[in-house]
Amino acid sequence: MTESNNIPKHWELKKLGEVCITTSGGTPNRDNSKFYQGNIPWVKSGELDRGLILDTEEKISEEAIKNSSAKVFPKGTLLIALYGATIGKLAFLGIDAATNQAICGIFKNENIDSNYLYHFLFYKKPNLVKQGIGGAQPNISQGILKNLDLPIPPLPEQLTIVSKIEELFGKLDNGITQLKTAKQQLKVYRQSLLKWAFEGKLTNKNIKEGELPKGWKAVQIKEITIMNPKIPDRENISKHMEVQFLPMKLVEETINKIHLTEVRKYEDVLKGSYTPFINGDVIFAKVTPCMENGKIAIVDNLKNGIGFGSSEFHVLRSGNKVNNKFIFYYLVQDRFRHEAASEMTGAVGLRRVPKQFLENYFIPLPPIKQQQLIVSELESKLTVCDKIEETISQSLQQAETLRQSILKKAFEGKLVKMKQ
């Protein structure tokens with residue numbers, strides 16, 4: 001079925017290039033500093049997320065316009081990004097401005113409402129992204145844009161369609177805002193659960209503020225774990241045995257999940273400066289930004305019970321006084337990671353949490369049976385949080401699907417009924 005079969009009979013179907021004038025901008029020579037000392041706003045594609053552009057990060061001169069393919073577009077021009085990760089991003093000029101070559105300007109047309117065209121191109125964005133050619137720097141051409149089939153109802157109908165789209169999008173955006181607020185509140189609640197757990201309040205509501213529950217004591221982590229231990233009985237391990245390999249990228253953030261997708265021979269991992277661990281160990285990313293992002297997990301189900309991973313892990317092996325999940329949940333708290341971040345050492349970009357910070361850190365420790373009870377209660381409540389968060393994520397995805405459905409109906413003439 002052709003596009004023309006999907007629209008009302010009184011609509012026209014034309015190529016965008018038949019009804020709209022388009023042109024791209026240009027980048028003046030960066031070697032000439034005078035080109036960038038003018039007062040003409042110059043838009044880059046990364047700035048097309050503002051809806052309406054009223055100012056730009058850089059300005060160029062009249063001389064730059066004369067000596068490059070940059071040109072000044074009038075206020076009201078619709079801009080669309082042609083290159084890279086920003087393909088399909090849209091914005092209107094609220095001022096006269098020039099753009100770089102990664103942006104196509106679509107001039108106003110008295111027969112096409114600009115907002116109608118904006119919504120149409122937003123609807124077509126997924127298809128434009130798919131058509132982006134090239135690997136590292138995918139791009140679309142003006143030719144692809146000009147060849148788009150544009151359904152054109154009479155101007156009054158365009159205005160009615162835009163009004164209906166914006167009414168429905170307003171309601172949709174309000175729902176999305178509420179979902180995102182709920183997601184943020186859920187994140188705060190998770191941290192509250194962790195805080196209550198290590199204050200004893202999760203299992204005993206009568207605990208006084210600032211006091212350790214009866215039977216608890218403050219202990220240093222080095223008293224209850226072995227930090228960065230070696231592989232047990234490593235002399236008797238066959239050099240040909242396969243072991244798990246765990247680079248940093250295979251550790252999820254904050255959710256105690258690792259991806260067991262890589263294995264290597266024992267003799268091969270010994271050649272590198274990798275961190276060893278065994279089933280049940282807690283791995284803690286010590287380097288920025290992985291630590292701040294919460295790359296912490298309990299490793300389990302390792303190939304032959306042994307793993308090697310990034311040299312940027314600290315490893316904590318639990319003794320008989322502490323449950324490894326109790327340790328994990330303590331370390332994954334936002335407040336602990338913020339404190340750890342403040343103690344990092346090293347050069348900017350390669351700052352790390354020192355081993356001594358972890359070893360000497362005091363944590364509140366209940367008897368082992370209470371630890372198990374706390375972990376059980378915590379996981380029960382966090383599982384509920386997980387299910388709620390999954391529902392929210394699904395609803396957010398459905399909202400974006402609904403947005404595309406609204407646009408599809410709009411440009412097939414099925415969103416509003418007009419009297420003929």
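Keep in mind that the numbers below use all heavy atoms, side chains included, and drop hydrogens, waters and symmetry copies. In this chain, numbering begins with 1 at the start of the sequence shown.
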### Task
Could you tell me whether the side chain of Gln158 and the main chain of Tyr116 form a donor-acceptor pair under 3.5 Å?
no
### Donor-acceptor contact below 3.5 Å, side chain Glu359 vs main chain Ile221
no
#### Entry: Under 3.5 Å: donor-acceptor pair, side chain of Lys295, backbone of Lys286
no
### Closest non-hydrogen atom pair between Pro28 and Tyr36, with its separation
O-OH, 2.6 Å
#### Entry: Expected output: side-chain Asp113 to main-chain Asn115 donor-acceptor under 3.5 Å
yes
### Task
Give me the ring orientation class for Phe284 and His314: parallel if the planes are under 30° apart, tilted from 30 to 60°, perpendicular past 60°.
parallel
### Task
Give the minimum heavy-atom separation between Asn39 and Pro41, together with the two atoms involved.
O-CD, 3.4 Å
### Summary
So CG of Leu373 and CZ of Phe326: to nearest 0.5 Å the spacing works out to 11.0 Å
### Query
Which atoms form the tightest heavy-atom contact between Lys125 and Ile87, and what is the distance?
CE-O, 3.4 Å
### Message
Give me the atom names and distance for the closest heavy-atom approach of Asn29 to Phe35.
### Response
O-CD1, 3.6 Å
### Message
Under a 3.5 Å threshold, yes or no: a donor from one side chain and an acceptor from the other, between Thr27 and Gln101?
### Response
yes
#### Entry: Tyr274-Phe245 aromatic ring centre distance below 6.0 Å
yes
### Query
Mind checking whether Ile144 and Leu82 have side chains closer than 4.5 Å, heavy atoms only?
no
#### Entry: Leu331 vs Leu358 side-chain heavy atoms within contact, under 4.5 Å
yes
### Query
Any idea how Tyr123 and Phe411 line up, ring-wise: parallel (<30°), tilted (30 to 60°), or perpendicular (>60°)?
parallel
#### Entry: Test item: Thr77 and Thr99 side chains (from C-beta on) under 4.5 Å apart, heavy atoms
no
### Task
Quick one: closest heavy-atom pair of Ser393 and Lys183, and the distance?
OG-NZ, 3.6 Å
### Query
Could you state the interatomic distance from CG (Asn204) to CD1 (Ile374), rounded to the nearest 0.5 Å?
9.5 Å
### Task
For Ile298 and Lys325, work out which heavy atoms get closest and say how close.
CD1-CG, 3.5 Å
#### Entry: All salt bridge (Lys or Arg N to Asp or Glu O under 4.0 Å) counterparts of Glu377, not counting sequence neighbours
Lys381
### Task
Check the pair Glu209 / Lys201 against salt bridge (Lys or Arg N to Asp or Glu O under 4.0 Å), numbers first and verdict last.
CA-CA 9 Å; Glu209 191 69 35; Lys201 294 177 182 176; 2.4 Å; yes
### Rounded distance [0.5 Å steps], CG in Leu365 versus NZ in Lys217
7.0 Å
### Ion pair check, Glu57 and Lys44, cut-off under 4.0 Å
yes
### Task
Give me the ring orientation class for Phe277 and Phe313: parallel if the planes are under 30° apart, tilted from 30 to 60°, perpendicular past 60°.
perpendicular
### Query
Does Gln191 use its side chain to pair, donor to acceptor, with the backbone of Val188 at less than 3.5 Å?
no
### Task
State whether the side chain of Thr383 and the backbone N or O of Glu379 hold a donor-acceptor pair below 3.5 Å, judged by distance alone.
yes
### N-O pairing of Arg403 and Glu400 below 4.0 Å
yes
